[in-house]
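Since the structure comes first, as C-alpha cells, the remarks are kept for the end.
Numbers restart at 1 for each chain; the letters A, B, ... are given by sequence-line order, proteins then strands.
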There are 2 protein chains.
Amino acid sequence: MQLDRLVSFHKALADPTRVRILALLARSPLHGQALAGKLGVKPPTITHHMSKLREAGLVKEKREKNTIYFHLEKTALQRKAVAILEYVERESPMKESSQEWEIVRHFFTPQGQLKHLPAQRKKRWMVLKYLMREFPPGETYTEQTINERLKKYHEDVATLRRELIIHHFMYREKGIYQPNPPELWSEMPG
Amino acid sequence: MQLDRLVSFHKALADPTRVRILALLARSPLHGQALAGKLGVKPPTITHHMSKLREAGLVKEKREKNTIYFHLEKTALQRKAVAILEYVERESPMKESSQEWEIVRHFFTPQGQLKHLPAQRKKRWMVLKYLMREFPPGETYTEQTINERLKKYHEDVATLRRELIIHHFMYREKGIYQPNPPELWSEMPG
DNA sequence: AATCTAATTAGTTATTTATCGAATTAGAGG
DNA sequence: CCTCTAATTCGATAAATAACTAATTAGATT
C-alpha cells in the first residue's frame, strides 16, 4: 500500500466517533438516524463520518426505501489493519538482527558518514552489507550513480565499489552495476 | 484496549511524516538530526513527532553522549495494529449469524425500538439475547440501570427484566443484576 | 569557565477537521 | 401535486495540529 492510502486509513480510525461507528456496524447494519441516536450526534455529523469511512473503504451501503443501511467491510478492515506492518517491513533490509546494527553503527558518525572500513573481515562485511541499502535490488545502476551515493558515506568511493564487487554484493558488466540477491553474497566471515 | 488508547494509536499513524519515521527506524535506530535530514524537516518537528510516537508506545530511546537514538518497538506496533479488530469484535455478540439478525430486526423499528416481544419462543429468545448487548459481562448492574437501558427499547421494562431472568441471561441477587456467561443461558428453543 | 552540539520549549501561522443549525435534495406514498 | 422522512449540502465555529523561527536547556569536551 502506498503512503497516502495508508495514512488516510489511519486517519479514518483516528476519531472516537468513527471507531464507535465501526464497532456498532460490526454488530449489525444500521442506518444514519439510528447511528446518530446511539452516538448522541446529529445526522450531518454521521454523513460527515460515513463519507470518510466510505472513502477509506471500510463501509459499504445498501439503499432500502428511503433508508440507507451501512455495513462494515470486515475483510477490508483486517487487510488494512496489518498494512502498516508490511509497510515498515518492506523498507527494512536490516531486519535480521539489531545486534548487527550495534556493531556496524560504531563505524559511522552520527551524521551517517563512514569513519573507515573496519579491518576485521566480519565487521567489514557487515558494513558493506549495510551500504547496500543504497542499492535496492531490481534496478541497475551506472557507475556515476554508484559514486554519488557512496560519496555520502566516504571519499574513497573506488575502494567501496571494489569491495562491494569482491564480496559479491554487486555484479558489474560493461560499466553497469547490478545488486545481487542475498543468495549470491559471499558468506559472512567467521 | 480502551477507546481513547486505540484512537491515539491511530492518530500516531495518521500523518505521513510519522509513518516515514517508523519505516526509517525499522531499518535501524536513528537520532533526531539524522531523521530531520532524511525527511527534510527541522529538528523541532522531529521532537514534536517523536513525542507523539513515544506517547503511543511505538518508539523508545536510548541516550548516548549528547545524542538520543530512537528505535522502533516492533512488537508493540504489531500488537496495536490488530487491536482495532479485537475492539470491533469484542462488541459484537451477534457475530454468530447474520441470519439471526435478519429475523430479529423485524421486531425493531428503524429507530431501534422494540415493537413487541415475539410470541414464538425461539424468536423471543433471540430478541432477548439481542437486548443483552446492553449489559456486557464483567460488570454488575443496579435495577435502576437496567431500567434506564431497557427503557430505550420498550416501555414495559418489568416484563423485559423478568424475561431476561427467566431465560437465565441474567442473575439477580439482592437487587443487583449480573449477566450470565453464554454457557448458563437457557438453550435456544426449537 | 567557555564552548560546542543535540534536543527541547515557546510562540506563531496556516491547515485540517469535528460538530452543529438551517436549508436543500431524493424517494415513497397518498 | 403534496407531504413525509432520511440524507445531504452549505456555512459557520471551535478545536486540534503540523510546521517553522528564535530562544533555551542539557551534556560533553576543551
Requested in this report: Between dT17(D), dC20(C), dT8(C), spot the one nearest the side chain of Arg54(B), thanks.
Outcome: dT8(C)

Query raised in the report: How long is the line joining NZ of Lys11(B) and C1' of dA18(D), in whole Å?
Result: 14 Å

Query raised in the report: Phosphate oxygens OP1/OP2 of dT5(C): is one of them under 4.0 Å from a side-chain N or O of Gln33(B)?
Result: no

Query raised in the report: Are His48(B) and dA7(C) close enough that a side-chain N or O sits under 4.0 Å from OP1 or OP2?
Result: no

Requested in this report: Ignoring backbone atoms, test whether Thr17(B) places a side-chain nitrogen or oxygen under 4.0 Å from the OP1 or OP2 oxygen of dA19(D).
Outcome: yes

Report task. Let me see the working for Glu86(B) and Lys80(B) under salt bridge (charged side-chain N to carboxylate O under 4.0 Å, His left out), right down to the final yes or no. Result -> CA-CA 10 Å; Glu86(B) 294 154 19; Lys80(B) 287 159 190 278; over 6 Å; no

Requested in this report: Measure from CD on Glu61(A) to P on dG27(C) and round the result to the nearest Å.
Outcome: 13 Å

Query raised in the report: What do you reckon, is CD of Gln144(A) surrounded by more than 12 foreign heavy atoms closer than 6.0 Å?
Result: no

Report summary line: Of Asp15(A) and Pro43(B), the one whose closest nucleotide on DNA chain C sits nearer the 5' end is Pro43(B)

Query raised in the report: How would you label the contact of Ser51(A) with the nucleic acid (heavy atoms, under 4.0 Å): base, sugar-phosphate, or nothing?
Result: nothing

Requested in this report: With the side chain of Asn66(B) defined as its heavy atoms from C-beta on, choose the nearest nucleotide among dG27(D), dC20(D), dA18(D).
Outcome: dG27(D)

**Report entry** Per His49(A) side chain, nearest of listed nucleotides dT8(C), dC20(D), dT19(C)
**Finding:** dT19(C)

Query raised in the report: Does Lys42(B) make a side-chain N or O approach to OP1 or OP2 of dA7(C) shorter than 4.0 Å?
Result: no

Query raised in the report: Does Trp125(A) reach the main-chain N or O of Ser186(A) with its side chain, forming a donor-acceptor pair under 3.5 Å?
Result: yes

Report summary line: Between CG of Leu39(B) and P of dC20(D) the distance, given in whole Å, is 11 Å

Query raised in the report: Does the side chain of Leu30(B) come within less than 4.5 Å of Lys38(B)'s, by heavy atoms?
Result: yes

Report task. Ignoring backbone atoms, establish whether Thr45(B) has a side-chain N or O less than 4.0 Å from OP1 or OP2 of dA19(D). Result -> no

Query raised in the report: Any side-chain N or O of Arg63(B) less than 4.0 Å from the OP1 or OP2 oxygen of dA28(D)?
Result: no

